[in-house]
Amino acid sequence: MATVAEPKAKRSYSADDIDVLEGLEAVRMRPSMYIGGVDSKGLHHLLWEVVDNSVDEYLAGHCSDIKVTLHKDGCSCTVSDNGRGIPVDKHKKYKKSALEVILTVLHAGGKFSDKNYTRSGGLHGVGSSVVNALSMKMTATVHRDGHEYFQEYRRGVPKAPVKKVKPFRGHGTTIFFRPDEKIFRTIHFKSDVIRQHLEDISFIHGGLKITFVDEVKKETHEYSNPEGIAAYLDKILGDEKRKSVHEEKFTIEKDVSDGTRYEVALRWTESSDTWVRSYVNGIRTHAGGTHESGFKSGITKAVKNYMEVHEIRPKGVAVGPEDIREGTCSILSVFHSDPMFQGQTKEKLNNPEVAGQVEGLVRAGVETWMNNNSTIADSIIYRVILAAKLRAASREAIKEVKRKSASSKRVTLPGKLLDCRSTKPEESELFIVEGDSAGGSAGMGRDSRKQAILPLRGKVLNTESLTVSRVVANQEISDLVETLGTGIGPNFDIRRLRYGRVILLMDADSDGYHISTLLLTFLFRHMMELVRQGRVYLAQPPLYRISIGKDVHYAQDDAAKEEILSGLASNRKYEVTRFKGLGEMTPQQLRDTTLDPKTRTLLQVNIESQVEADQTFSQLLGKDASERYRVIMEESTMVDDLDV
């Protein structure tokens with residue numbers, strides 16, 4: 001039950017108490033509302049916003065080349081294109097240059113009607129102005145109407161009106177920006193992240209030429225992939241070393257009556273997992289949406305229809321949707337004139353009509369393709385039936401284990417598990433904590449109805465490069481597998497997961513980070529679907545307790561501590577306590593800072609690129625020490641302080 005605070009005596013609430021954030025102040029006050037966070041992902045999102053604007057010019061048919069430069073400092077970028085150039089003439093309502101309006105006013109732009117952009121990266125209209133607001137410095141150089149125009153901004157505020165610099169033959173826009181270090185935890189861009197993103201875009205927009213100039217590594221990369229997503233799928237499967245069960249991949253492209261364009265590339269592979277990379281107007285939709293739902297339904301119905309028409313009825317086994325889609329690797333690209341995204345970060349598509357359009361396209365296309373290629377169809381059907389048989393065998397094995405466990409009176413769950421009372425996975429959480437001491441504090445501070453605690457003793461096994469049999473032989477890993485209830489490896493079944501969220505709660509020091517990394521390695525290698533479905537989180541316990549009179553503040557790291565202390569008067573007394581571990585925190589402190597959903601902070605674990613994640617785990621936790629040394633030496637220059 002919610003508690004109601006007692007009203008403070010003689011405290012009025014009037015118009016004087018209402019704050020109005022003008023211009024771009026709201027963006028600087030709450031940046032996470034616009035870019036998803038102020039971490040490295042949010043930092044790179046600034047660059048993606050600027051690049052997306054240039055891509056929109058390409059989609060409108062006015063741009064063929066985009067150039068992205070990461071400058072020597074590693075903290076600033078320039079994006080140039082040969083599009084029409086942002087308009088610079090005076091805006092009738094705001095009585096100033098349209099360039100300034102676009103870069104300083106939220107929801108201003110040329111994408112709210114179909115007069116200039118039939119398809120674009122969304123209708124939020126806040127991209128460029130948000131980048132400006134969150135940048136210490138931004139400059140805009142525009143070439144159009146026979147002249148060059150220029151304007152400079154500091155933290156979203158123009159230093160002077162738009163200036164006509166000189167005559168110029170040509171057209172295009174160049175945006176330079178340096179993110180504000182007062183906003184972001186780090187302003188160092190990662191070359192590999194930029195390079196991978198730009199290469200992805202070049203495949204999605206076949207025919208667009210993108211040049212990446214990396215002044216940090218002194219490299220230049222050029223990307224142009226006219227074969228589009230078909231070549232992209234081949235590249236990804238090659239990088240991930242996945243073996244296809246049929247030679248010719250399925251591809252289809254179609255423009256429907258409302259102007260929407262769909263492109264699909266699909267293969268069945270021998271892998272046990274499934275993935276779909278979906279895009280809308282060139283923007284990666286990590287959280288899926290209606291286009292992915294229609295796509296998955298289309299594949300399922302196509303194969304089912306084929307089996308019914310050809311009277312394929314495997315004996316003793318029922319084929320389900322998960323069997324049909326197992327091992328499928330696919331790319332789905334949608335170009336829509338009016339995309340409805342969920343949030344400014346545009347990670348999920350919500351257009352309801354898209355689901356039916358994609359389903360109809362894929363169902364008819366895949367079924368016709370299979371009918372016209374009997375050899376390919378036979379390989380796919382064999383793969384589907386095999387998946388169904390293996391899944392059925394896995395279910396029987398699980399039943400047998402449960403039967404034997406019951407007859408021998410063996411405790412199903414680990415004895416050290418402090419389970420929650422709720423049996424509803426959607427509302428339950430499992431905290432995996434470091435050590436019995438921390439487990440005791442967490443156990444007393446938790447909400448016992450919804451929160452379960454599993455203490456781990458010492459550092460867990462490094463499961464990189466180990467077989468499943470060696471992994472489950474480890475007691476700590478075995479306890480974790482039993483607690484989650486999903487099984488492991490080929491027997492993994494997400495439907496048997498006992499908790500909606502799996503939260504890693506470790507000490508806020510190097511040892512805690514190491515244990516979290518080892519657990520993430522295990523989950524990535526053996527329970528990938530947990531991560532893909534967004535079930536895994538990292539808790540953010542404090543490292544410091546700061547007492548200022550009767551007030552108590554908590555800081556997660558040194559930077560947060562210094563920020564709190566810097567705001568104090570010079571003569572103000574304070575006391576700083578550094579927690580040596582979670583076990584030193586009282587149950588109340590742990591509840592207030594880390595366990596209570598109302599006050600805690602959780603980081604959701606996502607995989608942006610499975611290839612890059614695979615390489616990172618191999619480099620940092622594999623057997624080749626030279627690779628680990630190389631990565632550490634390369635990345636050490638990006639770290640201001642090392643906790644060793």
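Note: hydrogens, waters and symmetry copies are ignored here, and every other heavy atom, side chains too, is used.
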(message) Give me the atom names and distance for the closest heavy-atom approach of C420 to A452.
(response) N-CB, 3.7 Å
(request) Please report the shortest heavy-atom distance between L266 and S330, naming the atom on each side. (result) CD1-CB, 3.8 Å
(request) Run through K254, Q357, H336 and flag the one making a side-chain hydrogen bond (donor to acceptor under 3.5 Å, both in side chains) with Y262. (result) Q357
(request) Indicate the atoms forming the closest heavy-atom contact of D273 with R532, along with that distance. (result) OD2-NH2, 3.0 Å
(request) Ignoring hydrogens and angles, tell me if any N or O in the side chain of Q451 forms a donor-acceptor pair with the backbone of L595 under 3.5 Å. (result) yes
(message) Could you tell me if S448 and R421 have a donor-acceptor pair between their side chains, going purely by distance under 3.5 Å?
(response) yes
(message) With heavy-atom distances below 4.5 Å as the criterion, would you say the side chains of I385 and I312 are in contact?
(response) yes
(request) Please tell me if the side chains of V264 and V358 come closer than 4.5 Å, counting only heavy atoms from C-beta onward. (result) no
(message) Below 30° counts as parallel, above 60° as perpendicular, anything between as tilted: where do the rings of W369 and H246 land?
(response) perpendicular
(message) One thing to verify: whether E429 and R600 come together as a salt bridge, which I'm taking to mean a side-chain N less than 4.0 angstrom from a carboxylate O.
(response) yes
(request) Without swapping roles, check the side chain of T269 against the backbone of G327 for a donor-acceptor pair under 3.5 Å. (result) yes
(request) Identify the two heavy atoms, one from A388 and one from V319, that lie closest to each other, and give their separation to 0.1 Å. (result) CB-CG2, 4.1 Å
(request) Check P455 against G435 and note the closest heavy-atom contact, atom names and distance. (result) CB-O, 3.7 Å
(request) Report the distance from atom OG1 of T368 to atom CZ of R363, rounding to the nearest 0.5 Å. (result) 9.0 Å
(message) Do I432 and M506 have side chains that approach each other closer than 4.5 Å (heavy atoms only, starting at C-beta)?
(response) yes
(request) Name all pairs fulfilling the salt bridge (Lys or Arg N to Asp or Glu O under 4.0 Å) condition that reach into residues 366-383, sequence neighbours left out, sorted by first residue then second. (result) E326-R383
(message) Donor-acceptor pair, distance only, cut-off 3.5 Å: does the side chain of T285 make one with the backbone of E347?
(response) no
(request) Check whether the side chains of H526 and T463 place a donor and an acceptor atom closer than 3.5 Å, and report yes or no. (result) no
(message) side chain to side chain contact (heavy atoms under 4.5 Å, CB included) for N606 and K41? Distances and angles first, verdict last.
(response) CA-CA 11 Å; N606 293 311; K41 185 178 180 181; 4.1 Å; yes
(message) Under the criterion salt bridge (charged side-chain N to carboxylate O under 4.0 Å, His left out), I'd like the reasoning laid out for R242 against E240: C-alpha separation, chi angles, the key distance, then a yes or no.
(response) CA-CA 6 Å; R242 293 174 184 256; E240 296 184 357; 2.4 Å; yes
(request) For Y537, enumerate each residue passing the ring-ring contact (aromatic ring centres under 6.0 Å, His included) test, keeping only those at least two apart in sequence or located in another chain. (result) none
(request) Could you tell me whether a side-chain N or O of S293 sits under 3.5 Å from a main-chain N or O of G289, the two making a donor and an acceptor? (result) yes
(request) Would you mind reporting whether Y223 and R195 have side-chain heavy atoms less than 4.5 Å apart? (result) yes
(message) Whether D479 and K416 form a salt bridge (side-chain N of Lys/Arg under 4.0 Å from carboxylate O of Asp/Glu) is what I want to check.
(response) yes
(message) We want to know whether Y232 and D200 form a side-chain donor-acceptor pair, criterion being a heavy-atom distance below 3.5 angstrom.
(response) yes
(request) Without swapping roles, check the side chain of S478 against the backbone of Q475 for a donor-acceptor pair under 3.5 Å. (result) no
(request) Look at the side chain of N474 and the backbone N and O of V460, then say whether any donor-acceptor pair between them is shorter than 3.5 Å. (result) no
(message) Check K235 with E227, please: is the shortest side-chain N to carboxylate O separation under 4.0 Å?
(response) no
(message) For the OG1 atom of T486 and the CE atom of M527, what is their distance to the nearest 0.5 Å?
(response) 3.5 Å
(message) Could you go through D493 and R495, starting from their C-alpha distance and side-chain angles, then the distance that decides it, and tell me whether this counts as salt bridge (charged side-chain N to carboxylate O under 4.0 Å, His left out)?
(response) CA-CA 5 Å; D493 187 351; R495 295 171 298 180; 3.1 Å; yes
(message) Could you work out, with side chain to side chain donor-acceptor pair (under 3.5 Å) as the rule, every residue matching N351, not counting sequence neighbours?
(response) E353
(message) I'd like to know if the side chain of R267 and the backbone of S244 have a donor-acceptor N/O pair within less than 3.5 Å.
(response) no
(request) Calculate, to the nearest 0.5 Å, the distance between atoms OG1 and CG belonging to T260 and D338 respectively. (result) 9.0 Å
(request) Tell me whether the centres of the aromatic rings in H205 and F335 are closer together than 6.0 Å. (result) yes
(message) Using 0.5 Å steps for rounding, measure from the CZ atom of R325 to the CH2 atom of W275.
(response) 15.5 Å
(request) Look up atom OG1 in T328 and atom CZ in F250, then write down how far apart they are to the nearest 0.5 Å. (result) 12.5 Å
(message) In the structure I gave you, are the side-chain heavy atoms of N371 and H310 within less than 4.5 Å of one another anywhere?
(response) yes
(request) Take I283 and W48 through the side chain to side chain contact (heavy atoms under 4.5 Å, CB included) test and state the conclusion after the steps. (result) CA-CA 9 Å; I283 297 173; W48 309 156; over 6 Å; no
(message) Please determine whether a side-chain nitrogen of the Lys or Arg among K598 and D596 lies less than 4.0 Å from a carboxylate oxygen of the Asp or Glu.
(response) no
(message) Please tell me whether S297 and E359 have a donor and an acceptor in their side chains that are separated by less than 3.5 angstrom.
(response) yes
(request) Please answer whether the main-chain N or O of L418 pairs with a side-chain N or O of R446 as donor and acceptor at a distance below 3.5 Å. (result) yes
(request) May I ask you to test the H291-F295 pair for a side-chain heavy-atom distance under 4.5 Å? (result) no
(message) If the threshold is 4.0 Å, N to carboxylate O, is there a salt bridge linking E427 and R449?
(response) yes
(message) I want to check something: taking the side chain as every heavy atom from C-beta on, are L456 and L519 in contact at a cut-off of under 4.5 Å?
(response) yes
(message) Apply side chain to side chain contact (heavy atoms under 4.5 Å, CB included) to residues V303 and M307 and explain how you reach the verdict.
(response) CA-CA 6 Å; V303 175; M307 294 179 69; 4.1 Å; yes
(request) Assess whether atom CD of Q533 is packed by more than 12 heavy atoms of other residues, nucleotides or ligands within 6.0 Å. (result) yes
(request) Indicate yes or no: at least one non-hydrogen side-chain atom of V55 is less than 4.5 angstrom from one of I204. (result) no
(request) I would like to know whether R277 and I236 meet side chain to side chain contact (heavy atoms under 4.5 Å, CB included); could you show each step before the answer? (result) CA-CA 10 Å; R277 280 200 180 203; I236 294 175; 3.8 Å; yes
(request) For residues L461 and V471, report the shortest heavy-atom separation together with the two atoms involved. (result) CD2-CA, 4.3 Å
(request) With rounding to the nearest 0.5 Å, note down the distance linking OG1 in T290 to NZ in K348. (result) 9.0 Å
